[in-house]
Structures are given as C-alpha cells and as structure tokens.
Amino acid sequence: MIPPYDSVTVRTVAKILIPLIQVFALYVVFHGAKSPGGGFQGGAILGASLILARLTAGPGVSVHYLPGTSALRLGAVGVLIYGVVGLLSLFGGAAFLDYSALPLPGAHEDELHAIGIEAVEVGVAVAVACVMLSIFDDLAPTERPYRQGR
Amino acid sequence: MRPPAYLALGLLSGLLLYAVAALPPLRNPDSPIRTGVERYFVENAVEDTATPNIVSAILADYRSFDTFGETTVVFTAGLACYLLLGRREEGESGK
Amino acid sequence: MDIAAALAGRFEYVMTSALIVVGLHGMLSKQNLVKQLIGLNIMQTAIILLFISMSVQTGGTVPIIEKGTANVVYMSPLPHVLMLTAIVVMVATAGVAFALLIRIHARYGSLEEGELLGRTR
C-alpha cells in the first residue's frame with residue numbers, strides 16, 4: 001500500500017477536505033435533478049475523495065475505508081440498485097425501467113418518474129465511486145505479489 | 001516512423017478537412033441536431049418526469065436502459081482490473 | 001480562398017480533426033505502449049469535443065428548465081448525455097488498459113513495442 005504522505009500540512013488539509021468533498025458529492029448526486037449534476041458526476045467526486053484518503057492517510061487509516069475487495073462488491077450493489085428499480089416497475093405492470101408503474105401509493109405519475117430517476121442516480125453514483133476506488137487499489141503498488149492465474 | 005505512416009496521416013488529415021466542409025454549420029438553430037428528437041425532450045421533459053434538469057431526465061429516464069448498460073460496463077471494467085491485477089491474499093495459495 | 005470560406009464558422013470541427021490526427025500520430029510514431037495509450041485517449045477527447053461543440057448555441061444556457069421563464073434558448077441536451085456516458089467508458093477502458101500494461105511489464109520487463117515483438121518472436 002501507499003505510505004502516508006510525508007508532510008503534516010498535506011495530511012491535515014486532506015483530513016479537513018475529505019469530508020467536505022464527500023458532502024459536496026452527495027449534494028451533486030441528490031440535487032442533480034434540479035441543478036447541474038447527477039449520478040456519474042457525483043460518483044466521480046465521491047470516488048476522488050476516497051482516492052485522496054488512500055493517497056494521503058497511509059495504510060493504517062485508509063484501509064478502513066472499504067478494504068480489500070469490498071469496494072468492488074459495493075460497486076456490484078450499485079448496479080443491483082439500478083436493476084431492482086427496473087424490476088420493481090416490471091412487477092408494477094409496465095416495461096422494464098418504466099418508472100410510471102413503480103409500486104408507490106399516493107404519488108403522481110411524474111413524481112414517480114422523479115423518484116425513479118433519483119433512485120437510479122444513487123445506484124450509478126455508488127457503482128462509479130466504488131469501481132474508481134477498486135481500480136485505483138488494483139493499480140497501486142503493494143508488497144503482495146500478483147495472482148499467477150493463467 | 002516509416003513513410004507509409006506519414007502517408008496515412010496526410011491522407012487522413014485531407015479526408016477530415018474535406019468532411020469538415022460538409023458537416024452542418026455550428027451554432028445554427030436549424031441544424032439537423034436541433035430539429036430532431038432533441039426538440040421533443042426540451043418541450044416535454046418537465047411534464048413527463050417532473051425533473052427540471054433535462055440531462056438527468058434523458059440519462060435516467062428516456063435512455064435509462066442505455067445507462068443501465070453503461071453502469072454494467074463500468075462495473076465490468078472494475079472486475080476486469082481485479083481479475084488482471086488482483087493481489088494474493090495472505091492465506092490464499094497462489095496456484 | 002474557397003477553402004477559407006468553407007471553413008469559416010467551423011473552427012471546432014477543424015480542431016477536432018487536428019486532435020484526431022495528433023492522437024493517431026502518437027499511436028503510430030511512439031514505440032512506448034503507454035504513449036500509444038495516451039494517443040488513443042487524445043482521439044477519444046477529440047470525439048467528445050466534436051459532440052459538445054455541436055450542442056453549443058449562441059446565447060444559449062444550460063438545459064435546466066426553470067418555472068416562469070419563457071423564450072430561453074437552451075443548449076442541446078442530447079450530446080451532453082451521450083458524451084457523459086462516453087467519458088465514463090473512456091475512464092473504464094483506460095483503467096483496463098493500464099491494468100493490461102502493468103501485467104505486460106510484470107511479465108516481460110519492458111513496454112517498448114520493438115523489444116516485446118522481438119521477445120515473442
């Protein structure tokens with residue numbers, strides 16, 4: 001793993017910035033329906049904050065954020081959120097990913113569309129952020145050897 | 001770099017410049033890009049989806065199947081990186 | 001003069017063509033696989049520039065509709081959507097390509113095209 005960055009200034013500033021970046025990522029994801037933003041963009045910002053933690057905090061601290069293969073598993077959960085929203089509308093009686101048939105009582109049709117879009121964006125954001133972190137972890141140098149599968 | 005590569009590059013630049021002259025003019029409200037399906041999206045997105053951001057509405061509603069495939073592509077890329085570079089865990093015996 | 005008239009108002013298209021040629025030149029002339037990958041990325045960026053420049057409208061604003069506004073010119077949202085997904089695919093393919101390069105370097109100890117070809121021959 002990457003050692004902690006050899007500068008108190010960088011480590012302290014990163015420690016302050018990482019939560020702020022994550023809050024901004026959540027704002028971009030959840031306000032993406034009314035302002036510039038969305039799942040891909042917010043997920044990229046969230047993934048960048050996690051990678052910043054990996055780069056500056058060192059293995060002792062940053063491993064607690066999604067160690068090992070759990071980032072990749074959480075990315076699969078993001079894809080699963082998307083698929084489940086599609087299947088819910090399928091069970092509601094319409095086509096796959098046709099949000100107007102989501103089984104939520106008391107909501108208007110266009111509101112159902114807005115809810116479906118937001119749910120799907122959350123799934124996309126989780127998938128993008130976790131896959132970015134997973135790719136970074138795979139590319140970053142470690143002491144452990146590569147698997148020799150052929 | 002060998003001469004055939006320079007020849008290919010020269011031919012490609014000529015072909016691209018020739019194609020530029022035939023493309024629709026930019027910043028023109030009547031160009032084919034702006035008179036197709038995009039007009040429907042701008043006029044109907046808010047009534048259909050209650051989402052003011054048209055880009056989000058198209059991405060996650062009108063083209064949601066495409067975006068589903070897109071998310072799968074991203075996840076597959078992560079999976080491919082792990083399968084190519086996955087490190088041996090402590091207890092695992094590397095075959 | 002004819003060419004200049006035909007290219008007037010198509011500056012973005014010309015820059016796109018230039019970026020494509022630059023990227024292809026990088027892929028053809030460089031022997032290092034990482035530099036060839038950078039050339040490929042430059043070509044992808046050129047395609048993104050092509051689509052985004054098509055959506056630009058003089059006096060246009062971002063395609064977010066606010067209530068109570070009329071006669072607003074919006075940028076075309078469709079190229080933005082397409083290129084959003086294209087950027088994500090670009091990042092994903094770049095990650096997989098770097099993973100492949102790392103494996104090649106781990107196995108053959110080199111990323112120079114000539115050396116690799118000589119070794120497999």
Side-chain angles (χ1 to χ4, degrees), chain B residues 1-2 4-6 8-10 12-29 31-34 36-39 41-43 45-46 51-60 62-63 66-67 69-71 73-86, chain C residues 2-3 5-14 16-18 20-22 24-25 27-31 50-51 53-60 62-67 72-82 84-86 88-89 91-100 102-103 106:
Chain B
M1 200 161 109
R2 278 167 308 184
Y6 283 114
L9 277 182
L12 181 76
S13 350
L15 202 64
L16 284 171
L17 281 181
Y18 175 70
V20 160
L23 281 169
L26 290 161
R27 292 179 282 278
N28 180 3
S31 71
I33 320 158
R34 306 198 61 87
V37 70
E38 177 249 335
R39 195 159 280 176
F41 286 147
V42 172
E43 283 166 2
V46 176
T51 302
N53 187 348
I54 312 177
V55 175
S56 278
I58 298 176
L59 186 80
Y62 295 109
R63 295 181 63 87
D66 178 43
T67 310
E70 196 74 32
T71 319
V73 165
V74 171
F75 175 68
T76 311
L79 198 62
C81 272
Y82 173 70
L83 291 177
L84 280 166
L85 294 176
Chain C
D2 226 18
I3 300 171
L7 296 186
R10 290 184 165 86
F11 179 68
E12 289 89 340
Y13 291 149
V14 178
T16 299
S17 314
I20 288 177
V21 172
V22 166
L24 195 69
H25 176 265
M27 288 172 73
L28 285 175
S29 66
K30 297 296 174 192
Q31 290 294 304
L50 173 71
F51 273 73
S53 65
M54 277 178 178
S55 82
V56 173
Q57 191 68 33
T58 311
V62 286
I64 292 165
I65 295 176
E66 290 179 39
K67 285 205 178 74
V72 183
V73 180
Y74 295 108
M75 307 271 192
S76 179
L78 201 53
H80 289 121
V81 176
L82 299 175
L84 195 58
T85 54
V88 173
V89 169
V91 172
T93 51
V96 176
F98 277 121
L100 283 171
I102 287 175
R103 282 319 291 261

TODO: Give a yes or no answer on whether the side chain of C:Tyr13 reaches the backbone of B:Ala19 with a donor-acceptor pair at less than 3.5 Å.
DONE: no

Task: chain C contact via B:Val55 - side chain, backbone, both or neither, heavy atoms under 4.5 Å - done: both

Open item on the list: Under 4.5 Å from any heavy atom of chain B, what part of C:Glu12 do you find: side chain, backbone, both or neither?
Closed with: both

- [ ] Mind checking the CD1-CE spacing from B:Ile33 to C:Met54? Nearest 0.5 Å is all I need.
- [x] 4.5 Å

Task: Portion of B:Arg63 that has a non-hydrogen atom of chain C nearer than 4.5 angstrom - done: side chain

Open item on the list: Would you say that C:Thr85 contacts B:Leu59 through its side chain, given a criterion of any heavy-atom pair below 4.5 Å between the two side chains?
Closed with: yes

Task: Heavy-atom contact with chain B under 4.5 Å, split by part of C:Leu84 - done: side chain

Task: Minimal non-hydrogen separation, B:Cys81 against C:Ala99, with atom names - done: SG-CB, 3.8 Å

Open item on the list: With a 4.5 Å cut-off on side-chain heavy atoms, are C:Val56 and B:Leu26 touching?
Closed with: no

Open item on the list: When you compare the side chain of C:Pro63 with that of B:Val42, does any pair of heavy atoms fall below 4.5 Å?
Closed with: no

Open item on the list: Counting only non-hydrogen atoms closer than 4.5 Å, does C:Met27 touch chain B with its backbone (N, CA, C, O), its side chain (CB onward), both, or neither?
Closed with: neither

Open item on the list: Main chain of B:Leu23, side chain of C:Arg10: is a donor-acceptor contact present, judged purely on distance under 3.5 Å?
Closed with: yes

Task: Straight-line distance of C:Ile20 CD1 to B:Leu15 CG, nearest 0.5 Å - done: 10.5 Å

Open item on the list: Can you tell me if C:Phe51 has over 12 outside heavy atoms packed within less than 6.0 Å of its CZ?
Closed with: no

- [ ] Tell me, for C:Thr16 versus chain B, whether the close heavy atoms (under 4.5 Å) come from the side chain, the backbone, both or neither.
- [x] neither

Task: Interatomic spacing from OG in C:Ser29 to OH in B:Tyr6 - rounded to 0.5 Å - done: 7.0 Å

Task: Interatomic spacing from NE2 in C:His25 to CG in B:Leu12 - rounded to 0.5 Å - done: 12.5 Å

TODO: Working to the nearest 0.5 Å, report the span between CZ of B:Arg34 and CE of C:Met75.
DONE: 9.0 Å

Task: Nearest non-hydrogen partners of B:Leu84 and C:Val96, listed with the distance - done: CD1-O, 4.3 Å

